[in-house]
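Chain naming here is simple, since letters A, B, ... match the order of the sequence lines and numbering starts at 1 in each.
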Amino acid sequence: MFQYYLKLSLKSLRRNPILSALMVTAIALGIGACMTILTVNYVMSSDPIPHKSDKLFYVQLDSWDPYQPAREPNDPPDQITWTDATNLMQEKAAFRQAAMASSNGVIEPADQDSKPYLASMRLTYSDFFSMFDVPFLYGSAWDAAADEQEQLVAVISKATNDRNFGGENSVGQTLRVAGENFRIVGVVDDWQPVPRFYDVTTGAFDDTEEVYLPLALKMPLELPSSGNVNCWKEPDGDGFIAFLQSECVNYQMWVELPSDADKQRYMDFLDNYANQQKALGRFPRPLNNKLSDVMQWMEYNNVVNDDAEVMLWLSFMFLAVCLLNTIGLLLAKFSTKASEIGLRRAVGASRGDLFRQHLVETAMIGLAGGLAGLGLAWLGLRGIEAIFGEFVSKMVHMDTNMIIVALALALVSSILAGLYPTWRACNIAPAGQLKSQ
Amino acid sequence: MSATNWEVGPILRALKRNKVGALLIALQIAVTMTIIVNAIFIIQERSQLMARESGLDDANSFFLSSTGFATDFDEQSTVTADLEAIRNTPGVRNAIQINAIPVSGGGWSMGLQTEPGEDIEGTGVAVYMVDEQGLDTLDVELIAGENFTANDILWRGNGESSWPDLVILSQAMVERLFPDLPVAESIGKTVYINNDEPMIIKGVIDKLQAPWPGWSNVENSMLVPQKMLFTSTRYFIRAEPGMRDTLMPQVEQMLADSNRGRIIRSLRSVEETRERTYRQHSGMIKILTTVMVILTIVTALGIVGLASFSVNRRKKQIGTRRALGASQGSIMRYFMLENFLISTMGVLLGAALTVGLNILLVNTFEMSRIEWYYVPAGMVVLWIVGQLAVYGPARKAAQVSPALATRTV
């Protein structure tokens, strides 16, 4: 029976090719627009580390100005100071912990013919790699001893390894960074969390860094600060050390807390720490420390761009217009079939049969529209890539989930659009239609 | 002409018999109008944002970074030699060392206050460190007071936190700090940085934007007389008209060759920087424009489709009316008027939805309230779209031959 309905539907669609094309186009445009924008939103709001995003917490400490909050209405600053980063790391109160900062340094390739270049660097602790499940191509992370002893060790990205060592296993080799010789202990495989959740201060979709060094080296090597530096109070005195020990915030801190009890304990630890600092004359504001898990932190930082959300609303309205359009056209189309329906009813087809038959017809329109819509969405994503450039390059790829959503959305919306016209078409009294023939 | 001649009554009665079809078109028009009017409003807002001037000579300026890495790298001699070399290059109008680039997205801000004290909230201001060539290189006009002299310029070490005694402020900043004072009278006044470090206003410039276009204080900027002893620094270069593209690679090469203990990077024109900074807005404008065009076409096609059907279905009635003496004009008028009535329903609903969506957008995102005149303008546009779309089918209807009345289907 289903095959018979398919045949009838195809025939009926072919009878009014322009009308059928109009309906398919309308659905395709609606689905195309929706899926383009939905994909961008989906990627922006995706969980970058799904298996443990509820166990990783971003630490905020309120070390700010007594007279005004770091962020209205009364939020702590979004980064912490050098003093707090090093103090918290010394206490090791969490299962895993890593303070970090972005920096940059000149790499001088051993090969004399290659030009020195400026590389982005992440300064952090050894737990960074295990906490965020960073994949290694060669070697591994440095160990905790390297952090404590301020050893000159480095983990480099795959691209850096390709550029300096031609892709060979470079573990044990030396790389000259920021005027010092570093021993390479690991090479990270392709790794690009989207969003790059561990540091969203300069943009949630930045690339991962080219070189990773122990944060403890920042002081002896006077490594520069990149990213945002915010101060509510000028450093006491001049020079690099005074700046490091100031109330300026430039460091991010993540901890891994496997259970709620661990989280509670760590929160108590933070409050305790803040009170100790108060006793030393720091932390002039009331206690206001915060732990946010990955998705809460993404939400707080408004990682899904407002424009993308506005576009999402508009695109769903766009789909609504396209569906209204389809409903109208289906109504018109089915109304011309009144006599045919009357005849079929008279020769024995039940209302249910006719209903199913016409649903098959609308589903076919929906499917065709959905497939064409997928094509349009692909074009739309290429368009967005062309318009916005590298800024969105990580957000314009559809995965299987999105393709399934697209087809389901097309099918469901076209069937919904078809319900009323089909119901009306099937409610025709056969006698009246036959009489006028 | 009285209402009966316009046949509003019969049209309404006919519409009542085909409520759903009319309702669908009206809804489509309403939603289309909602999207289009809100989209146009967003586009207008973004265009205004993008049209704001930076204050720079956008077309002729560019900049690059120099980062020293050699152990014997000497900042002071490098900066002095670099500036002299760049300024002496033919085609260069002027050049300075600077800490941040307007509109580029990255920079340095401080707070200024008119009274000293820790508990006073300062007014945010972007900091630009320049020498006495700053005004000419940045293409800003002095509107009161004086420029820095070569003697005013100090060297700022890395990690140094104190500030010079002199400052030049943008007009907008002066007006924020001294709202009751004529700009010229602010010269010689003292403002405080870091709560209590005094700086004397030496000059006021017309306009220089901060590095962050989305910042509410984007017009607040200050120039301080300093050259920097930072290992990583920037040069801002203003070329003679038409010379920029020739100079960019030339200056880059010259600096790279002159000192092997550093790398030259991030060579970029101000125009490109502007384009990159505003890309999100220009992209939004492009997308919304595309959406509007496609949407209008979809809605128009929908109207054409449904109108054609209703014409086809009523062919016999039209023939009868023609046979009974109705002119082609009155048949056309019937369909045009029918569409006008449906559109009216649509645009009235659309007006309410437009305002509703705008309120929702204002509440959810940081967007501004729509200007009232966008709503009637949108209504008129949708009316016109409806009339244009129905014109074709209406003409077809008018051409139905009266003889049709005599035939059975």
query = Can you find a pair of side-chain heavy atoms, one from A/E234 and one from B/N195, that are under 4.5 Å apart?
reply = no
query = Do you know the tightest heavy-atom contact between A/P116 and B/F69?
reply = CG-CZ, 3.5 Å
query = By a 4.5 Å heavy-atom criterion (distance strictly below it), what part of A/E222 contacts chain B: side chain, backbone, both, or neither?
reply = neither
request  = Heavy-atom pairs under 4.5 Å with chain A are the metric here; pick the option from B/I29, B/I42, B/V20, B/I120 that has the most.
outcome  = B/V20
note = In terms of heavy-atom pairs under 4.5 Å with chain B, the winner among A/F388, A/Y420, A/F243 is A/F388
Proximal component of B/E197, with respect to chain A [non-hydrogen, under 4.5 Å] = neither
query = Where do A/M317 and B/L357 come nearest, in terms of heavy atoms and distance?
reply = SD-CD2, 4.0 Å
inquiry  = Less than 4.0 angstrom from a charged side-chain N to a carboxylate O is my criterion; do B/R156 and A/D238 meet it?
reply    = no
note = Counting heavy-atom pairs under 4.5 Å with chain A, the top scorer among B/E121, B/M110, B/K286 is B/E121
key: Toward chain B, the part of A/I384 with a non-hydrogen atom under 4.5 Å   = side chain
ask   = Relative to chain B, which segment of A/I327 carries a heavy atom at a distance below 4.5 Å: side chain, backbone, both, or neither?
value = both
request  = Just give me the residue among B/T71, B/I294, B/N158, B/T67 that pairs up with chain A most often, heavy atom to heavy atom, under 4.5 Å.
outcome  = B/I294
task = With the side chain counted from C-beta on, respond yes when A/L29 and B/V298 share a heavy-atom pair under 4.5 Å apart, and no when they do not.
result = yes
note = Heaviest contributor of heavy-atom pairs below 4.5 Å to chain B, chosen from A/D236, A/V310, A/T202, A/L22, is A/V310
inquiry  = Quick check on A/I18 against chain B: is it the side chain, the backbone, both or neither that has a heavy atom closer than 4.5 Å?
reply    = neither
key: Gap separating the CG atom of A/N325 from the CD1 atom of B/I25, nearest 0.5 angstrom   = 9.0 Å
ask   = With a 4.5 angstrom heavy-atom cut-off, which part of A/L118 approaches chain B: side chain, backbone, both or neither?
value = both
ask   = B/S161 and A/G237: which non-hydrogen atoms are nearest, and at how many Å?
value = OG-O, 3.6 Å
ask   = Roughly how far, to the nearest 0.5 Å, is the SG atom of A/C322 from the CD atom of B/Q28?
value = 8.0 Å
message = Is A/L329 close to chain B through its backbone or its side chain, or both, or neither, when contacts mean heavy atoms under 4.5 Å?
response = both
Which portion of A/A242 sits near chain B, non-hydrogen atoms under 4.5 angstrom = neither
key: Atom group of A/Y117 that falls short of 4.5 Å from chain B, counting heavy atoms   = backbone
key: Heavy-atom side-chain contact between A/N305 and B/Q280 under 4.5 Å   = yes
Among B/H281, B/R313, B/R265, residue most engaged with chain A (heavy-atom pairs, under 4.5 Å) = B/R265
task = For the pair A/W313 and B/I35, evaluate side chain to side chain contact (heavy atoms under 4.5 Å, CB included) and give the outcome as yes or no after the intermediate values.
result = CA-CA 10 Å; A/W313 292 19; B/I35 298 179; over 6 Å; no
task = Of all the heavy-atom pairs spanning B/D119 and A/Y67, show the shortest one and how long it is.
result = CB-CE2, 3.5 Å
ask   = Heavy-atom distance under 4.5 Å to chain B: side chain of A/N230, backbone, both or neither?
value = neither
inquiry  = Within the structure provided, determine whether A/K233 and B/E118 are in side-chain contact (heavy-atom separation under 4.5 Å).
reply    = no
